[in-house]
Amino acid sequence: MLTSLYKEQTAQKPTLLHDTYFNDLRRKEYSRLCNQQHTYLDYTGGNLYAQSQIDKHHSLLLNHVLGNPHSGNPSSLLATQLVQEARDKVLAFFNASDDYHCIFTQNASGALKIIGECYSHSKDSHLLMIADNHNSVHGMREYRSKQGGSYSYAPLNYEDLTISSQHLKDNLQQYVEKKNKLFTYPAQLTNVSGIKHRYLEWINTAQENGWDVCARCSSICP
């Protein structure tokens, strides 16, 4: 009886609206998942490359000679053009204006390291962070401390791991005597909580109070 009931319920399972589309996409672009019987879920951390991307990149490498970018020979000029096209597409994706630049790094930690090394951390500077930032962000404290700058944390609400907008606003209105102020936070909190902050509101408030903003967007962008 139980077996019969299970078969009946399974047979009546409704087909989801986009099942056919995603099943076809999986077979066409990600057949290795089917062949190896994988279910891949980490798309916010590292997206899988599709078969069409492999084919297109393979064709690019086979049919062109690509030299080191930023030189004057034909192979270098082609590489420079391709790099610039990639930058332009990234900026267009974020609707970024001409005031922004796209810099490719190995990963988010590498980008944060560059900011930590290059930002002014003198005695006239202050770093404001959120307690649940990524470890790479917390590492900026060392650059700040070695050069005489100061830092502080905007507190978390321990009940739900959110940030009190009023407390954050109070923090951003402090340190008016500092010349170089950097506010850094995750646009989406840790991979554990998955909380999404009011990041656009925070950016506007910070900039209105004279802060530079570093938003870690590696989880929220995908």
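One is the number of the first residue; the rest follow in order along the sequence. The figures that follow rest on heavy atoms only: side chains count, while hydrogens, waters and symmetry mates do not. Just so it is clear, the model here is predicted, and its values are computed rather than measured.
For the residue pair Gln166 / Asp170, a side-chain donor-acceptor distance below 3.5 Å is found, with atom types taken as modelled. At a cut-off of 3.5 Å, with distance as the only test, a side-chain donor of Tyr119 or Asp212 sits close to an acceptor on the other residue. In the model, Ser31 has no side-chain atom that pairs as donor or acceptor with a side-chain atom of Gln51 under 3.5 Å. Looking only at atom types and distance, the side chain of Thr162 has a donor-acceptor partner in the side chain of Asp160 under 3.5 Å away. No donor-acceptor contact under 3.5 angstrom links the side chains of Asn68 and Ser76, judged on distance only. Between Ser152 and Tyr175, the side chains place a donor N or O and an acceptor N or O closer than 3.5 Å (distance only, hydrogens not considered). Counted by atom type alone, Asn180 and Ser120 present one or more donor-acceptor pairs between their side chains at under 3.5 Å. With 3.5 Å as the limit, one finds no donor-acceptor pair spanning the side chains of Ser71 and Asn73.
Hydrophobic clustering places Tyr153 together with Met140 (ILVMFWY residues linked when any side-chain heavy atoms are closer than 4.5 Å, directly or through intermediates). Grouping the Ile, Leu, Val, Met, Phe, Trp and Tyr side chains by contacts below 4.5 angstrom, directly or via other members, places Leu33 with Phe22. Phe183 and Leu156 fall within a single hydrophobic cluster, where Ile, Leu, Val, Met, Phe, Trp and Tyr side chains are chained together by heavy-atom contacts under 4.5 Å. Leu82 and Val90 fall into different hydrophobic clusters, where Ile, Leu, Val, Met, Phe, Trp and Tyr residues are linked whenever their side-chain heavy atoms come under 4.5 Å apart, directly or through other members.
Atom CG of Leu61 has more than 12 heavy atoms from other residues, nucleotides or ligands within 6.0 Å. Within a 6.0 Å sphere centred on CD of Gln106, other residues, nucleotides and ligands contribute 12 heavy atoms or fewer. The local environment of CZ in Phe104 is crowded, with over 12 non-hydrogen atoms from other residues, nucleotides or ligands closer than 6.0 Å.
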Evaluation steps, side-chain contact (heavy atoms from CB on, under 4.5 Å), between Leu182 and Val213: CA-CA 6 Å; Leu182 179 63; Val213 179; over 6 Å; no
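Summarising the geometry, atom OG1 belonging to Thr205 is positioned 12.5 Å from atom CH2 belonging to Trp211; distances are rounded to the nearest 0.5 Å. Rounding to the nearest 0.5 angstrom, the gap separating the CG atom in Asp24 from the NZ atom in Lys28 is 9.5 Å.
Aromatic rings of Tyr151 and His138 (six-membered ring for Trp) have centroids beyond the 6.0 Å cut-off, not under it.
Seen from the ring of Tyr49, Arg32 counts as a face-on cation partner, given the 6.0 Å and 45° thresholds.
Lys113 and Glu117 are joined by a salt bridge, as a carboxylate oxygen and a charged side-chain nitrogen come within less than 4.0 angstrom of each other.
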